[in-house]
Structure formats: structure tokens, C-alpha cells
Amino acid sequence: MSHGGLDGGERSGRGRSARESPGPAPAGVTRRAVTGALAATGLTAAGLTAAGLAAAGGGVARARAAERGAPSGGLRLRLPAPTGPHRIGVTTLHLADRSRRDPWQAGIPVREVMVTVFHPARTVRGRSVAPQMAREAAEVFGEFDTAVLHPELPTSGVDWSATRTHAYSGAPAQAVRRPVLLYSPGGGDPRTMGTSLAEELAGHGWVVVTVDHPGDAGEVAFPAATPHRGRVRRTDLRGNPRSDPGVFRTAIGTRVADLRFVLDRLEDLAAGRNPDVPGRALPEGLGGALDLGRVGVYGHSAGGTCAAQALYEDRRIGAAVNLEGFLDHPPERPGEEGALFPVARYGVDRPLLLVGTDGFPHRGELERSWSAMLAHGGPGTGRRQLAGATHGVFTDYAALAPQLEAAGLMSAGDRRKLVGAVGPRQSVPWVRHQVLSFFARHLPAP
């Protein structure tokens, strides 16, 4: 998960309000699209449905929430709308690598991953809007993630299964070959908490593939159970992987191998084969929309580490964005420095963007490996920082946490701890712009 949970965060700094300008929009990204994101993310208390807060905690919070007329199902959270010109189609794939055993459970003989594919749609007529999370995954999220992985989140009062995306299930793809971007989430976090950024990129013309890493992710919902696992697989990790060098090494190595395997299966899809294990119907034209000669990767926290190292290891990947992930291993013994990942030790000859916050509690630890990476220079290598923010701001929590606070389900301190003091009207478009403009420069979408 992200550093707020298994990756080991504590408190965010209460930095000054972010005032960084996104800078000039590159070709293919209009100033109107960038500023339009500000209006599209107007998630105010007035626009929220209220929650049933019988166990939300805090008499004042309960009273305020009750005044809103809370529905029995709990608060329904909203994701910010994408700003691109394309409607979005979405599908999920269950992939199995029979050349690898699962690294976390000896009883699982193959390595399975679940992915979601977002793509510009030819039409969405007759298609339904997809939920952010499958109901079974949302149930586990509400029980486990809120209590263990992100204790800042409320353990009741929210209907996590009710949040809708802006993508339409099974919608046919446009008959245009488009660059492909892979996303790896933070350690313990599900891929579904990267939905807003994935939709923004797909709406502007990329095909985006978000990847869950089972056994690492808090929960992963599969199409069906097998003799080796249930339909929903929970995380096998306990504690902070950064405190155990062996576990951290396995986690990042597995993630990189997962991304490379997904690329292999996307090649099958582009060749007209269906890589989905149960053989479910694919959106019309999806394989033909994949331009696998132009591939990028982005990731958050442990996923950012994975994205940078995958760029180093796999030349099919042309550019990567690391959203506040370490580029070194944890030290083997107290007082020592951890070994740098090869991407930081040797550098890379393709573009890599490092994006951080001023409120990340492990900035000092992060600085060593990032400085080593940046010292190599290289084409397109750079660094950006968002002020007034902390680690979770790169995920959907940037938009969801303020809604929880407005509904009385999250304290101001917990909101700052999770995403920082910066509001979604600034943070959401800022993060979107950094990632979108970077890929528009190096892997432009038609």
C-alpha cells in the first residue's frame, strides 16, 4: 500500500498552501483542458449526499451528519470528472502467468493479476457506468483497509460500493491506435484508488491499464474463486515492508515482473487473442487500439518504485512517472544505507519524472535515492513538488478525503495526514497536469 499504511507513513507536514503553477500546456493539452479541470473537481459539501453515521464517532460529527438526512447505505462519494474530449470505455481482465508461482502464498501455483483497461470509446450507447470497486472488494475495503491500511478513513458511514466512475463497461474502442500507459498503485492500495487519474488520461486519448498486485494489494476481486483462493484475495503483507528488506525486495521484484507480464498479454490482445482467463467477451476493437510501440508506466509509492525500475529493465517502456516512491532498498542493518535500485545507481536513457510533496514524512529518506537518480541527468528527467500536500494526494483520496471531512466522517487532522491541507480544486488538476503533460510530451496521444 502507500506510505500511509504498509509503506509506513506517519503524519503529514502542514505545509503552506500549494501555489505552484502547472506551467504551459504542451501540444495536445490545451490551457482550457487544464483550467477546466479546476471546475470539474468542485466537490463541495453542498454537493454531497449525507451518511448514516450511527458509528461514525464524535457526537458533534454525528449530529451534523444526521442533519443532512443520511441514507441508510452510507455516504456516496463522488470522483472528479475527467476533462478530456473522449468518452471512456472500461473492461477488466484476469491474467495468469503460469511460468511463475505466487510469491506470497506457496499454495497458489500460478501468478495471477487483475487489470482494468480504460480506453477512448467509439460510443457508450446502451452501456452502463462502471462502479469504482466491485461490491465484494468494497466490502473488504470497508472492513480492512479503513481499519488497518488507512486508519484515517472512517470504519463506518460510507457506502464504498456506491462510488461510480465516468467509464462505461464494455463500450467499443475507437478505431485509432493509441499509446498505452500502465499504472501500479501504492503498496496495499487497490488499483481502483487510481481511477480518477486513469480516467483523465483515457479521456485525453491514452489507453490506460491499471494493475493490481495480489497478495500485496489490500484486496483483489477475481471473476471466480479457485481451489487455491477465494473470489476476493486479501493482502498477505503485515507491517511495513520498508522495515523488512527481504519483503520489500520481493514486493518490488514481483511488481516489476507483473508489469512486464501484463505487457506480454497486451501483445496477445493486440494480435487478436483474448488473454482473459475465463475468456469473457472483450470490448469491440480493443486490441486494435493498442500501440505497443509507445508504452509508458506511472505508479504511486511502491508503484512509483516499480514504474522507475520497470523503465530501467524493459526497453518496451518509453517513459515513466514515479509518484513519491523510494528508489533504494531499506538498509539491511541499522545505521547503514540501503542499496540503490539500478535505475538510481546507473540512470536511464529514457524520460523519468519524479513527483513528490512537501508533506511526505519520509522526505529525507526519499531524497538520497532521488538525488542519485537526478545526478545522472538524461533526456526528459525531472522533478516536481506539490506544496501543502502529502502522500495520498496522488490517489483518489485527494478528492474523497475532503468529502469525508465535510460530512463529519473524517477529522481535519486525519484529512491532512492522508492528503495534506491542499484542496481538491487545486491538487487534483495539478497532479493530473503533471502526469498528462509529461506523457503528452514523450508519448503523445492522437
Side-chain angles (χ1 to χ4, degrees), residues 25-30 32-34 36-37 40-41 79-93 115-132 164-183 191-192 194-211 262-263 265-272 274-276 280-298 318-319 321 396 428-429 431-446:
V29 184
T30 65
R32 181 178 180 182
V34 173
T41 56
L79 294 173
T83 66
H86 302 290
R87 304 298 287 272
I88 303 166
V90 66
T91 194
T92 62
L93 298 174
V115 306
T116 299
V117 184
F118 298 88
H119 60 87
R122 177 170 53 82
T123 179
V124 298
R125 182 172 299 173
R127 305 291 176 172
S128 59
V129 175
Q132 181 189 27
R164 312 322 270 176
T165 68
H166 302 88
Y168 293 79
S169 297
Q174 295 178 9
V176 178
R177 295 181 74 238
R178 299 181 177 280
V180 176
L181 305 177
L182 274 60
Y183 169 69
R191 72 190 190 277
T192 49
T195 295
S196 173
L197 182 52
E199 289 188 324
E200 178 72 358
L201 292 164
H204 281 279
W206 287 269
V207 175
V208 183
V209 182
T210 63
V211 182
V262 169
L263 274 178
R265 298 291 72 79
L266 292 178
E267 290 173 355
D268 290 343
L269 181 58
N274 185 349
D276 185 56
R280 295 169 297 177
L282 300 173
E284 179 185 342
L286 182 59
L290 305 178
D291 182 355
L292 295 174
R294 294 186 294 159
V295 174
V297 179
Y298 68 103
V321 178
D396 292 343
V428 171
V431 171
R432 286 176 166 186
H433 176 70
Q434 297 307 320
V435 178
L436 191 150
S437 62
F438 174 81
F439 285 124
R441 195 158 48 246
H442 301 292
L443 297 169

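Predicted model, so just to flag it, every value in this text is computed and none were measured.
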Side-chain (H442) to main-chain (S437) donor-acceptor, under 3.5 angstrom: no
About how many Å separate CG of L286 and CG of L266, when rounded to the nearest 0.5 Å? 8.5 Å
Run the side-chain contact (heavy atoms from CB on, under 4.5 Å) check on R178 and D291 step by step: do they pass? CA-CA 5 Å; R178 299 181 177 280; D291 182 355; 5.7 Å; no
Can you see which heavy atom on P131 is nearest to which on R164, and at what distance? CB-NH1, 3.5 Å
Let me confirm one number: the CZ-CG distance from R191 to L182, rounded to the nearest 0.5 Å. 12.5 Å
Whether Q132 side chain and T165 backbone form a donor-acceptor pair below 3.5 Å: no
Heavy-atom donor-acceptor pair, N274 side chain to R280 backbone, under 3.5 Å: yes
Heavy atoms of A171 and G89 approach each other most closely as CB-CA, 3.8 Å
Any idea which heavy atoms bring Y168 and R127 closest together, and the distance? CD2-O, 3.4 Å
Pairwise distance CZ(F118) to CG(L197) - rounded to 0.5 angstrom: 10.5 Å
Nearest heavy atoms of P80 and V428, plus distance in Å: CG-CG1, 4.0 Å
Looking only at non-hydrogen atoms, find the nearest pair between L292 and L263 and report the distance. CD2-CD2, 4.5 Å
Looking only at atom types and distance, does a side-chain atom of R122 sit under 3.5 Å from a main-chain N or O of P172, one as donor and one as acceptor? no
Can you tell me which residue among V208, T92, T91, L282 is in a side-chain contact (heavy atoms from CB on, under 4.5 Å) with V117? T91
Please report the interatomic distance CD(E200) to CH2(W206), rounded to the nearest 0.5 Å. 9.0 Å
If I take atom OG1 from residue T210 and atom OH from residue Y298, how far apart are they, to the nearest 0.5 angstrom? 7.0 Å
Tell me, do P85 and P120 make a side-chain contact under 4.5 Å, heavy atoms counted? no
NE2 (H204) and NE2 (H86) are apart, to the nearest 0.5 Å, by 9.0 Å
Under the side-chain contact (heavy atoms from CB on, under 4.5 Å) rule, what do L181 and F439 come out as? Steps first, then yes or no, please. CA-CA 9 Å; L181 305 177; F439 285 124; 3.7 Å; yes
Residues, nucleotides or ligands: over 12 heavy atoms within 6.0 Å of R265 CZ: yes
State whether the side chain of E199 and the backbone N or O of H166 hold a donor-acceptor pair below 3.5 Å, judged by distance alone. yes
Nearest atoms (heavy-atom pairs only) where A319 meets F438: CB-CE2, 3.8 Å
Are I88 and P82 close enough that some pair of their side-chain heavy atoms sits under 4.5 Å apart? yes
Output yes when a side-chain donor or acceptor of D396 lies under 3.5 Å from a complementary backbone atom of S196, and no otherwise. yes
Begin from the C-alpha positions of T123 and R87 and carry the test side-chain contact (heavy atoms from CB on, under 4.5 Å) through to its verdict. CA-CA 7 Å; T123 179; R87 304 298 287 272; over 6 Å; no
Give a yes or no answer on whether the side chain of R294 reaches the backbone of P444 with a donor-acceptor pair at less than 3.5 Å. yes
